[in-house]
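Positions are given from 1 along the sequence. Bear in mind the structure is a predicted one, so any value in this text is a computation, not a measurement.
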Amino acid sequence: MSFRTKLLLVVLLTIFASVSVVAYAVTYYTRTEFEAMDAQRTEALVAQFRKEYAQRGEEIVRQVENIANAEITLHTALDAERPNADLSIYVNDANGAAQDHGLDFVELVNYDGTVISSAQNSSRVGYKNEWVTAKSDWSDVPAFLKREETPTEVALSLCAVRVQPNVPKPFYIIGGRRLDKNFLTWLVLPAGMRALIYTNLDPSFAASSLLGENMDTDQADRLAPLVQRLQKESQPQPLVRTIDWSGNPADAETFHAIPLTGRNNELLGIFFVGSSRKGLVLLTQRILKSAAAVAAAALFVGLIVSFWISARITKPVEELAEGAREVATGRWDTRIEVRGIDEIGQLAIAFNDMTRTLASQKERLLQTERVAAWRELARRLAHELRNPLFPMQITVENLQRARRLDAKQFLEVFNESTATLKAELANLNTIVTRFSDFSKMPAPKFVRVNVNEVLRNAVRLFEPQFTAVGKPTITKEPFLTDPLPEIDADPDLLHRAFQNLVLNAMDAMPAGGTLTMRTSEHSGNVRIEVADTGKGLTPEECSRLFTPYYTTKQMGTGLGLAIIQSVVSDHHGTISVTSEEGRGTTFRIELPQRQPGQKGKPREPAPEPKKDTPSTLAAASD
């Protein structure tokens with residue numbers, strides 16, 4: 001992945017992450033504020049309900065007190081205390097009191113709890129209300145919820161109990177009003193909220209007991225779990241639950257269930273406050289849509305800006321990389337254009353300074369290498385020439401001394417001396433020829449070459465030596481990848497290089513061993529490996545192995561591996577050596593499949609093994 005692509009991705013991801021975080025934060029805080037506002041509205045509505053409930057209770061208490069303090073009630077109470085009083089004449093008094101004081105339920109109860117008159121259920125006359133007599137003082141008891149049974153239904157009332165204060169024995173007046181959906185009409189409901197009352201008069205959930213806004217049976221049944229949970233609790237506590245009516249989040253509604261208890265803390269009703277979540281959902285959707293639009297616009301702008309910035313940054317870097325590649329190819333005078341004095345400009349200036357320094361250092365290094373090469377050449381040449389010159393000098397001195405001998409002895413010395421001179425002159429000629437051959441390495445002529453064929457032909461020349469009678473056996477193990485891509489190469493030069501590698505491997509195994517050859521394709525190049533199982537080389541010997549005229553053999557010239565390296569270098573390839581003392585040495589050559597400027601010349605067959613014997617190649621081996 002390029003630097004420009006990485007920069008674009010980083011900028012776009014940063015913008016996307018920033019917008020996402022902002023959208024999440026806005027949505028989170030909006031939801032939090034909505035929940036807080038919804039809780040406040042619910043609390044306000046519950047407080048309004050409780051206030052209305054208390055006011056209704058106080059009004060009922062006043063009406064009941066008015067009935068209790070009325071003169072007709074006093075007469076009724078006094079008559080009820082007389083022995084054998086006929087109380088049937090008062091059976092309809094409760095109806096009149098209820099109508100006169102605007103109450104739905106009124107009962108007149110004697111001191112022993114016997115119902116004298118009942119406005120809501122005349123059949124209760126004569127029955128006893130023991131719960132009334134159980135409490136000694138009702139004067140300070142506020143209104144409370146009570147279950148009322150009528151001939152046609154069971155209702156829920158908000159009632160109060162008071163006693164006629166002017167009689168010796170208690171005479172009770174029980175009065176109340178029906179708690180129904182009309183009670184909810186006094187509530188001021190904020191937008192998106194509604195109030196319901198559930199009268200808990202049946203042991204199981206009944207949809208018909210849900211008073212207030214009309215709800216179908218399916219919706220009413222969705223509130224059943226809240227009712228059932230409150231019914232199971234001995235001390236009912238408020239509950240909150242969100243109900244999803246249709247699967248659409250905008251239709252969801254949060255219900256607060258407030259228990260309404262009676263005089264003995266029994267659950268007689270539930271006040272439901274419903275709050276729609278439609279406003280929150282729609283607001284959240286608008287926030288998300290706005291965030292998506294902002295993100296799209298920001299990403300588009302960020303894409304343009306980051307592309308411009310990356311182009312401004314990466315173009316100089318690409319020019320710098322191109323300049324570095326040119327320097328790597330040997331163009332030490334490469335310069336790049338300096339734009340500005342910022343960090344990139346400073347980098348360009350530093351690069352130009354580096355190439356100038358490298359160019360000057362290269363020139364000095366080349367001069368030093370030339371001097372060192374000439375010195376090494378002079379040393380090697382002097383060493384090579386000194387060996388035959390010394391016996392030639394001795395031979396000439398012997399000839400000079402032989403002049404004093406007689407003719408027969410002089411002839412004998414002369415013949416011997418001339419033979420020695422001829423041999424040493426031939427040796428001098430061989431030395432000069434070797435140096436001349438190395439100096440006149442031909443330029444490669446590139447054609448399409450099958451490396452496997454060239455390697456097989458080079459090895460085939462030495463096969464008679466591998467199993468020669470009286471010599472240690474060398475086992476050949478070829479591991480050649482087939483098919484192997486053809487490469488642009490000079491088959492004759494490769495043949496010569498492979499011959500030298502095989503000959504070196506044979507020389508490294510005087511006691512026999514295994515010659516391993518491998519070819520393979522590696523990273524677009526063709527790799528050739530030639531390995532032996534000889535005594536191996538030290539790290540110092542490996543580091544100097546390709547130095548011209550350096551050899552590890554007593555009879556070597558030090559030019560064989562230098563020739564191989566020259567051939568590989570002319571093919572724009574690389575050669576390396578790995579060795580382990582006592583276990584052998586491996587030479588590895590990597591050659592490119594295509595040479596610069598080559599347009600696919602026709603393939604030529606690999607050169608056949610020459611008729612020269614391996615001994616003729618020893619002159620160029622290490």
Side-chain angles (χ1 to χ4, degrees), residues 325 327-330 365 369 372-373 376 438 441 444 446 449-452 454-456 458-459 462 476-481 484-485 487-491 493-509 513-553 556-596 617 620-622:
R325 284 191 289 269
V327 171
T329 60
L365 181 61
E369 289 180 349
E376 181 64 18
F438 179 67
M441 286 290 295
F446 295 111
V449 173
N450 187 311
V451 173
N452 287 341
V454 178
L455 185 58
R456 290 191 188 99
V459 175
F462 299 95
K476 178 181 67 172
E477 290 186 354
F479 298 97
L480 309 182
T481 300
L484 190 68
I487 66 172
D488 294 335
D490 188 319
L493 293 180
L494 283 188
H495 187 271
R496 181 177 179 183
F498 293 161
Q499 281 184 340
N500 280 344
L501 285 178
V502 175
L503 186 58
N504 277 338
M506 293 174 59
D507 291 343
M509 298 183 290
T514 301
L515 174 66
T516 303
M517 300 157 292
R518 299 178 186 272
T519 59
S520 62
E521 184 178 5
H522 186 266
S523 300
N525 297 332
V526 171
R527 176 179 291 179
I528 305 101
E529 294 183 2
V530 178
D532 61 64
T533 56
K535 63 179 181 178
L537 301 170
T538 65
E540 181 182 1
E541 289 174 338
C542 289
S543 63
R544 301 181 60 191
L545 204 57
F546 297 104
T547 303
Y549 313 118
Y550 174 78
T551 181
T552 60
K553 305 174 185 177
T557 63
L559 296 178
L561 290 176
I563 291 174
I564 296 174
Q565 187 182 45
S566 176
V567 171
V568 173
S569 178
D570 288 342
H571 283 74
H572 301 94
T574 60
I575 182 170
S576 59
V577 59
T578 56
S579 183
E580 185 176 351
E581 289 188 82
R583 303 193 63 175
T585 303
T586 300
F587 287 90
R588 182 178 294 108
I589 297 175
E590 289 200 12
L591 300 175
Q593 295 184 23
R594 295 292 173 264
Q595 297 292 333
L617 299 170
S621 69
D622 282 334

At what distance, to the nearest 0.5 angstrom, does [atom1] of [X] lie from [atom2] of [Y]?
X: Q565; Y: D570; atom1: CD; atom2: CG; result: 10.5 Å
X: L503; Y: F462; atom1: CG; atom2: CZ; result: 5.0 Å
X: N525; Y: I589; atom1: CG; atom2: CD1; result: 12.5 Å
X: F446; Y: L493; atom1: CZ; atom2: CG; result: 8.5 Å
X: R496; Y: I564; atom1: CZ; atom2: CD1; result: 10.0 Å
X: L501; Y: I575; atom1: CG; atom2: CD1; result: 5.5 Å

State, to 0.1 Å, how close [X] and [Y] come at their nearest heavy-atom pair, and which atoms those are.
X: T574; Y: V568; value: N-CG1, 3.4 Å
X: R594; Y: I487; value: NH1-CA, 3.8 Å
X: I528; Y: V526; value: CD1-O, 4.0 Å
X: P592; Y: H572; value: CD-O, 3.4 Å

Please list, one pair per line, the donor and acceptor atoms closer than 3.5 Å that link side chains of residues 580-587 to other protein atoms, with sequence neighbours excluded.
| unit_1 | atom_1 | unit_2 | atom_2 | d |
| --- | --- | --- | --- | --- |
| T585 | OG1 | S579 | OG | 2.9 |

_Set of salt bridge (charged side-chain N to carboxylate O under 4.0 Å, His left out) partners for R518, sequence neighbours left out_ = none
Less than 4.5 Å apart, any side-chain heavy atom of [X] and any of [Y]?
X: V567; Y: F498; value: no
X: V459; Y: K476; value: yes
X: L494; Y: H571; value: yes

For [Y], does its backbone N or O pair with a side-chain atom of [X] as donor and acceptor, under 3.5 Å?
X: D532; Y: A508; value: no
X: T481; Y: L484; value: no
X: T533; Y: T514; value: yes

